[in-house]
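Quick one: this structure, given as structure tokens, is what I'll be asking you about.
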Amino acid sequence: MKDKNQIDSAEYISLEEAKRIKLPFFDGLAAGFPSPAMDYQHESLDLNEKFVSHPEASYFVRVRGESMIGLGILDGDICLVDRQEEIYNGNIVVAFVNGGLTVKTLDTSTKDKGYLRLMPANPDFEPIKIHPEDQFILQGKVTSIHRQIK
């Protein structure tokens, strides 16, 4: 088990209003037997329109560490975070905890016991218990995960 006080880090990446680029979009491509791709081409796709609901309240973080691999969030992945989305029990969140940022699943089921938990998705990591005396700020809800394949 990893030290429960060890927190994987996340680094902020700004979401600037850059030039919007609409790229050709192919929908419904087979993962098995190939078929003519042009039959599936739609108009175009703007990733900002598809993934960013609240541009003024959104930002990216790059994940560092392996505590969320069970949910498919890998070291180096980029998460889109929305500060305006409502956060509920079970959501993947970015949280500021005692001086550091982390990406975890919020567990409010222990609220009646006087603490919340941030749950990893890797059995090698322990949950992070958040007590009232802890420095804790929910920074936003993770709304999508992006990975560059090399």
Side-chain angles (χ1 to χ4, degrees), residues 1-23 25-32 40 42 44-150:
M1 291 266 172
K2 301 272 184 175
D3 178 1
K4 70 177 184 172
N5 295 317
Q6 178 181 347
I7 298 177
D8 284 356
S9 65
E11 70 179 86
Y12 282 106
I13 302 170
S14 67
L15 176 66
E16 298 177 9
E17 275 299 317
K19 178 181 168 188
R20 293 186 178 260
I21 300 173
K22 291 191 175 209
L23 301 173
F25 177 51
F26 298 87
D27 190 11
L29 293 181
Y40 298 97
H42 290 240
S44 62
L45 176 66
D46 180 333
L47 294 178
N48 290 309
E49 289 175 11
K50 177 71 175 167
F51 293 108
V52 182
S53 298
H54 307 104
E56 68 288 344
S58 297
Y59 61 94
F60 291 109
V61 295
R62 184 181 314 276
V63 176
R64 294 289 178 219
E66 299 180 348
S67 70
M68 297 299 284
I69 61 174
L71 290 176
I73 303 173
L74 308 180
D75 183 59
D77 284 354
I78 295 175
C79 296
L80 177 61
V81 182
D82 191 326
R83 292 182 296 239
Q84 198 167 323
E85 287 284 326
E86 287 194 49
I87 296 174
Y88 299 101
N89 183 54
N91 287 154
I92 300 171
V93 299
V94 171
F96 178 83
V97 181
N98 297 325
L101 287 174
T102 190
V103 177
K104 298 284 184 287
T105 301
L106 179 65
D107 177 11
T108 61
S109 67
T110 56
K111 193 174 182 178
D112 61 336
K113 296 178 183 176
Y115 63 92
L116 301 175
R117 294 188 304 181
L118 294 174
M119 304 298 293
N122 179 338
D124 292 338
F125 288 78
E126 302 237 346
I128 300 168
K129 289 184 179 179
I130 308 297
H131 297 280
E133 63 272 10
D134 288 319
Q135 196 177 29
F136 174 67
I137 303 168
L138 284 173
Q139 298 288 313
K141 178 179 174 180
V142 173
T143 57
S144 63
I145 302 157
H146 306 271
R147 175 177 310 130
Q148 184 174 5
I149 299 174
K150 297 177 182 180

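Treat the numbers as computed from the prediction; the structure is a model and nothing was measured.
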Exercise for the section: May I ask you to test the K141-V81 pair for a side-chain heavy-atom distance under 4.5 Å? Expected result: no
Practice task
May I ask you to decide if Q135's main-chain N or O and N98's side chain share a donor-acceptor pair within less than 3.5 Å?
Solution key: yes
Problem - For F136, ring pair (Phe, Tyr, Trp, His ring centres under 6.0 Å) partners two or more places apart - result: none
Could you list the donor-acceptor pairs under 3.5 angstrom formed between side-chain atoms of residues 90-97 and any protein atom two or more places apart in sequence or on another chain?
| unit_1 | atom_1 | unit_2 | atom_2 | d |
| --- | --- | --- | --- | --- |
| N91 | OD1 | Y88 | N | 2.6 |

Handout entry: Any donor-acceptor N/O pair, T110 side chain to Y115 backbone, under 3.5 Å
Key = yes
Exercise for the section: With sequence neighbours excluded, tell me which residues meet side chain to side chain donor-acceptor pair (under 3.5 Å) with S144. Expected result: H146
Handout entry: Any side-chain heavy-atom pair of I128 and R117 under 4.5 Å
Key = no
Handout entry: Note, K104 side chain near P120 side chain (heavy atom, < 4.5 Å)
Key = yes
Exercise for the section: Let me know which of V103, D107, T105, I130 forms a side-chain contact (heavy atoms from CB on, under 4.5 Å) with L118. Expected result: I130
Practice task
Would you check if S58 and R83 make a side-chain contact, meaning some heavy-atom pair closer than 4.5 Å?
Solution key: no
Completion exercise
Rounding to 0.5 Å, atoms OG1 (T108) and CG (L116) come to a distance of 7.0 Å
Fill in the blank from the handout: Residues passing the side chain to side chain donor-acceptor pair (under 3.5 Å) test with N122, sequence neighbours excluded, are none
Problem - Test item: L106 and I87 side chains (from C-beta on) under 4.5 Å apart, heavy atoms - result: yes
Exercise for the section: Mind checking the NZ-NZ spacing from K113 to K129? Nearest 0.5 Å is all I need. Expected result: 8.0 Å
Show me the donor-acceptor pairs, under 3.5 Å and distance only, between side chains in residues 68-77 and residues at least two apart or in other chains.
| unit_1 | atom_1 | unit_2 | atom_2 | d |
| --- | --- | --- | --- | --- |
| D75 | OD1 | G65 | N | 2.7 |
| D77 | OD1 | R147 | NE | 2.8 |
| D77 | OD2 | L74 | N | 2.7 |
| D77 | OD2 | R147 | NE | 3.4 |
| D77 | OD2 | R147 | NH2 | 2.6 |

Practice task
Evaluate whether atom CD of E133 has more than 12 neighbouring non-hydrogen atoms of other residues, nucleotides or ligands under 6.0 angstrom away.
Solution key: yes
